[in-house]
Every structure is written in structure tokens, then in C-alpha cells.
Amino acid sequence: MPELPEVETIKNGLGICLNATILESKVYNFQLRYPVPHNISELIHNRQILEITRRSKYLILKLDNGFLLFHFGMTGRLNITQHYRKEQHDHLVFALDNGLIISYNDSRKFGAILWIDGVLEKHPLIKNLGVEPFSTAFNAEHLYNKCLIRKIPIKQLFMEGKAVVGVGNIYSSEVLFDARIHPTRLANTITSKECKQLYQSVQAILSKAIKAGGTTIKDFRNHEGNLGYFTQQLMVYGRDGQHCLLCHSVIIKITQNNRSSYYCSKCQV
DNA sequence: ACGCGGCCCTGGATGC
DNA sequence: TGCATCCAGGGCCGCG
């Protein structure tokens, strides 16, 4: 499910839990992408949530003794309720001293629950991530320098998350349409002018998607179980065979690295 | 370096 | 109705 805008949406929804203290918790299933730490319940017990942040597609709860991280894979969700009833695929549930109950649910189990004490940025899963799309480190020059040295399709450069993080399969297609660049264009053929446009498109598409509360294709729900409304603004993703909303040409679907890409046969070169 | 495929896992849609 | 097949917002690993 979640690319950056969806994780950001979940993060925003969790804001009401800032400064709350975690009471009891229960793990129903330890077998996710990585094993859930066996002592996670003891680690988070009676700990206060000091900050709620995001790095790439990781949601991070800073507690007073370490960091509790969630990754949502394809189908992960975080639900907040006042009256908890266990649902299928709930893997971790914890109660807060503000009366709210948070549950992590992931049917495909591609997500992860991690515990990090020490320096967050030194963790193996964090330290090699690309720059954040809304940080000053991400700009046209940065993107151009990353593109110059890579002879891979530009779509894959985004998917790698090494040049910039957070742009997954849906938003790669949307960003490339916005920038009028064909998904199979090799990164090292993208001009510096095009990189400036690409950089602007990344920020524009992601911020619109955050404003709309993310995109729901099948599974994504926010913390209240609501849909993401950026779906209605998708220009190419999932629209193969339909007409381009700008030029009326047909939208094409291709496969790159076993993932679907969508583009306008006329607008994008 | 790069392209490719497989794998983790569940469930919904589609087709025969 | 039932069964088989394909597909899905991610990401890691290994092969050639």
C-alpha cells in the first residue's frame, strides 16, 4: 500500500497520541518481514511517545528509551480506536494512557515492526536510504548528479529509493507523467532542465497526494479506516486503455522489473 | 553495474 | 459453483 504520502497520512492521524504513554501491549504474530522483537512488549511498556516522525516509508515513534518503527509493506495499516476488537491480521496492539488503542494490521505480512536503540541513522535499514523529497538536500542538481551516473530506466531510479525516497510504484508513474518523461528513458539521458522539472514534479505530486490523504487502490486506509482521495487525481496509474486527460491519446501499461508502469503514448518522451 | 527473476504472504478479481 | 491463474501501493537477495 503505502508510499510516502500514505505513511505521512498515517503519521498525521497519529498526532493525537503524541506525549501519550504506552500501557499494555500484545503481539499476536511475530513473523513479519523481519521477526518482531520477542521482548517488544517489555521494551515499550510505560514508555512515553516523545515524537512521531517519518523517514522514507518508515513511521517512527520516538519513545524515551528508543525508537519503535513501522513499515507497512503493501497492505499494512495502523488503526486507532477507543473500543478494540481483534481483527484478522492484527499483529500488534497497544493501549495508551489517553484511552486510545493502536493496532498494527497487515494481511500480507510484508511490513515490519522494528526496535532501534542508539542512533537511528546508523541502523542498516535506514543508513543507505536516499534523501527526503521535501528536504533541502533534494533539488534539481542532486537529482541530475544521481541520474548522470546511472544507466537504468528513470522509473527504476525512483523505485530504488537511493536518489530520493518515498516515490513508489504509483507516484513514479504520476511524477513521470507530470514531467512528460517516458518511464523507460535511461537516467543518464535526462537533461539538467528535465531534472529541474522532475524535481518539481516529485514535490508537486507528493504534496497533492498528502493533501488528499493518500491514494487508495485496494487496501490503503488511514488510521480511522477512511480512503485516500488522491485516487481521483491519478492521471495515468491504473488508466491503461483510457484516454489521456490532457491530449486524449491512449494510456499504455508496461512492465518494468515486474512492476506496472503507466504512461501517455504522446505526452511523454 | 545492470537486468532479471524469485521470494516473502494473503486475498480479490477474472476466466474456464 | 468450483478451481486455477493472475495481480497487487514494497523490498530484499542472488544469479549471470
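Below, chains carry the letters A, B, ... as their sequence lines are ordered, and counting in each starts from 1. In this text, all values refer to a predicted model and were calculated from it rather than measured experimentally.
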- [ ] Could you say whether A:R108 or A:N258 is positioned toward the 5' end of DNA chain B, judged by the nucleotide with the nearest heavy atom to each?
- [x]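 Its nucleotide being nearer the 5' end, the pick is A:N258.
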
Would you classify [X] as touching base, sugar-phosphate or nothing, given that sugar-phosphate means primed atoms plus P, OP1 and OP2, and contacts are heavy atoms under 4.0 Å?
X: A:K109; result: sugar-phosphate
X: A:P5; result: nothing
X: A:I217; result: base
X: A:Y237; result: sugar-phosphate
X: A:Q88; result: sugar-phosphate

[N] to [M] separation - [atom1] atoms, rounded to the nearest Å:
N: B:dC2; M: C:dG9; atom1: P; value: 24 Å
N: C:dA8; M: B:dG3; atom1: C1'; value: 22 Å
N: B:dC9; M: C:dC3; atom1: P; value: 24 Å
N: C:dT5; M: B:dG6; atom1: P; value: 16 Å
N: B:dT10; M: C:dT1; atom1: C1'; value: 22 Å

Just how far, in rounded Å, is [atom2] of [N] from [atom1] of [X]?
X: A:R221; N: C:dG9; atom1: CZ; atom2: P; result: 16 Å
X: A:I170; N: C:dC7; atom1: CD1; atom2: P; result: 17 Å
X: A:D90; N: B:dC9; atom1: CG; atom2: C1'; result: 16 Å
X: A:Y262; N: C:dG9; atom1: OH; atom2: C1'; result: 11 Å
X: A:I113; N: B:dC8; atom1: CD1; atom2: C1'; result: 16 Å
X: A:E3; N: C:dA8; atom1: CD; atom2: C1'; result: 12 Å
X: A:N105; N: B:dC9; atom1: CG; atom2: P; result: 17 Å
X: A:F72; N: B:dC8; atom1: CZ; atom2: P; result: 24 Å

May I ask you to verify if any side-chain N or O of [X] is less than 4.0 angstrom from the OP1 or OP2 atom of [N]?
X: A:S260; N: C:dA8; result: yes
X: A:R150; N: B:dC2; result: yes
X: A:K218; N: B:dT10; result: no
X: A:H89; N: B:dG11; result: yes
X: A:Q156; N: B:dG3; result: yes

Quick one: which of [options] gets closest to the side chain of [X]?
X: A:N169; options: C:dG9, B:dG3, B:dG5; answer: C:dG9
X: A:I152; options: B:dC2, B:dC4, B:dC9; answer: B:dC2
X: A:K151; options: B:dC2, B:dC4, B:dT10; answer: B:dC2

Open item on the list: Stacking between A:F110 and B:dC8, defined as ring centres under 5.5 angstrom apart with planes under 30°, is that present or not?
Closed with: yes

If I compare all heavy atoms of [X] with all of [Y], which pair ends up nearest, and what's the gap?
X: A:T21; Y: A:N46; answer: CG2-C, 3.6 Å
X: A:V7; Y: A:P2; answer: CG2-CB, 3.8 Å
X: A:L245; Y: A:L234; answer: CD1-O, 4.2 Å

Open item on the list: Is C:dG9 syn or anti, taking syn as a glycosidic angle within 90° of 0?
Closed with: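 What C:dG9 shows is a syn base, its glycosidic angle lying within 90° of 0.
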
Task: Bracket string, DNA chain B, 5' to 3' - pairs by Watson-Crick or G-U geometry under 3.5 Å, | interstrand - done: .|||||||.|||||||

Would you say that [X] contacts [Y] through its side chain, given a criterion of any heavy-atom pair below 4.5 Å between the two side chains?
X: A:N79; Y: A:I101; value: no
X: A:P153; Y: A:L186; value: yes
X: A:L92; Y: A:V36; value: no
X: A:L157; Y: A:L143; value: yes
X: A:K109; Y: A:N29; value: yes

Mind listing the N/O atom pairs, protein and nucleotides 11-15 of chain C, below 3.5 Å?
| from | atom 1 | to | atom 2 | distance (Å) |
| --- | --- | --- | --- | --- |
| C:dG11 | OP1 | A:H71 | NE2 | 2.8 |
| C:dG11 | OP2 | A:K57 | NZ | 3.0 |
| C:dG11 | N3 | A:R33 | NH2 | 3.4 |

Open item on the list: For A:N169, run the side-chain hydrogen bond (donor to acceptor under 3.5 Å, both in side chains) check against A:Q256, A:E3, A:K155, A:E174 and tell me which one passes.
Closed with: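 Among A:Q256, A:E3, A:K155, A:E174, the one that satisfies the side-chain hydrogen bond (donor to acceptor under 3.5 Å, both in side chains) with A:N169 is A:K155.
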
Open item on the list: Is it the case that the side chain of A:R185 and the backbone of A:A187 share a donor-acceptor pair, with hydrogens and angles ignored and the cut-off at 3.5 Å?
Closed with: no

- [ ] Starting at OG of A:S173, measure out to CD1 of A:I205 and round the result to the nearest 0.5 Å.
- [x] 11.0 Å

Open item on the list: My understanding is that only one of A:Y58, A:Y34, A:Y104, A:F110 makes a ring pair (Phe, Tyr, Trp, His ring centres under 6.0 Å) with A:H71; could you say which?
Closed with: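 With A:H71 as partner, ring pair (Phe, Tyr, Trp, His ring centres under 6.0 Å) holds for just one option, A:Y58.
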
